[in-house]
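In each ligand, atom 1 is the first atom listed, and ligand 1 is the first ligand listed.
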Amino acid sequence: MRRKLIVGNWKMYGGLEQNQILITKLIENLRDIKGGDFAICVPYPYLFQAQKLLSGTNILWGAQNVSPFEEGAFTASISASMIADFDCSFAIIGHSERRAVTHDSNQSAAKRFAQTLHAGITPIFCVGETMAERMAGIAHRIVTNQMRAILDGLDAKTFELAEKLNAVIAYEPVWAIGASQTASPPEAQSMHVLIRQLIAKRDPEFAKKVRIIYGGSVTPANAGAIFSMPDIDGGLIGRSSLNPEDFKRICEIACSSESENSTI
Ligand code: PGA
């Protein structure tokens, strides 16, 4: 049975004072919710604050990216080992906003994925097609190529680490992120099945346990239908993670959803 995972992606929002209020509220709101794993991925400058406030609670924390390099003369870059200093459990890798804004390629996302693992941190590897790609009927091909970057591009040792550290995949259709629409639950389910099948070709055991979470305008209103799909193991939550009541509801719904895990 795969435990549901709900991760808040704070993006470039926050400030010391408002984080203090939001995190304090989240701790109170999520304290008694059992049966799932919860995390927030905050901007780099607030990792220390997240670590300080969340240590010992049932909320984990992480960052939103890491450099594809281990160290070096890369001004303004942040390495995986640097975020490990703040006891991060997760790093979001290959988010579509990074792919769009900084032209993060499949290859560079795969390198970031590997760096994250080698620093002992669980990557949340994001894949997803644009609306133009979906309309052109190539959504499955795009996601397959994004997945191939890690499935074909990683050496055996790194792939073993991915399994050991329970690497997470996030399917986030780009057209549903920060939008008024979300993928329909069957649409998302079909992509999650594709992703699980691709992983199964490389490692059938890992495919059974890997958590594939959905992201793109998840709200308390649509979370129930999305999380009831058998291959959707949780959510990557943007806007709704900045509202402590909405985030709480989404976590509650995830933990009470009665989906049977698929048995690939
Ligand atoms: P959203 O963002 O929930 O605001 O659509 C999700 C994400 O970008 O991870």
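Remark: ligand 1 and G215 share no N or O pair separated by less than 3.5 Å (distance only, no angle test). Residue G178 has at least one nitrogen or oxygen atom sitting less than 3.5 Å from a nitrogen or oxygen atom of ligand 1, judged on distance alone.
Close contacts between ligand 1 and H95 involve ligand atoms 7 (C), 8 (O), 9 (O) [criterion: under 4.0 Å to a heavy atom]. Distances below 4.0 Å separate heavy atoms of L236 from the following atoms of ligand 1: 6 (C), 9 (O). Using a 4.0 Å cut-off to heavy atoms of G216, the atoms of ligand 1 that qualify are 5 (O). Those atoms of ligand 1 with a heavy atom of E172 less than 4.0 angstrom away are 6 (C), 7 (C), 8 (O), 9 (O). Shown in contact with S217 at under 4.0 Å from a heavy atom are these atoms of ligand 1, numbered in order with element: 1 (P), 3 (O), 5 (O).
Both tests hold for R99 against F125: distance to the six-membered ring centre under 6.0 Å, angle to the ring axis within 45°.
Side-chain contact check for D231 and Q189: at least one donor-acceptor pair (N or O, by modelled atom type) lies under 3.5 Å. Using a 3.5 Å distance cut-off with no hydrogens or angles, the side chains of N243 and S240 do not pair a donor with an acceptor.
Under a 4.5 Å side-chain heavy-atom cut-off, the cluster of Ile, Leu, Val, Met, Phe, Trp and Tyr residues that includes F74 is completed by F69.
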**Q.** Derivation of the salt bridge (charged side-chain N to carboxylate O under 4.0 Å, His left out) call for R249 and E252
**A.** CA-CA 5 Å; R249 276 303 295 143; E252 282 172 342; 2.7 Å; yes
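Atom NZ of K111 is surrounded by 12 or fewer heavy atoms from other residues, nucleotides or ligands within 6.0 Å.
Of all protein heavy atoms, the one closest to atom 4 (O) of ligand 1 is R239 N, 2.9 Å. Taking atom 2 (O) of ligand 1 as the reference point, the nearest protein heavy-atom neighbour is K11 NZ, 3.2 Å. For atom 3 (O) of ligand 1, the closest non-hydrogen atom on the protein side is G238 N, 2.9 Å.
Contacts with ligand 1 closer than 4.0 Å are made by side-chain heavy atoms of N9 only, the backbone lying farther away.
Judged as a salt bridge (Lys or Arg N to Asp or Glu O under 4.0 Å), not a single pair has a partner in residues 66-87 (not counting sequence neighbours).
Ion pairing of E28 with R31 is absent here, as no side-chain N (NZ or NE/NH1/NH2) approaches a carboxylate O to less than 4.0 Å.
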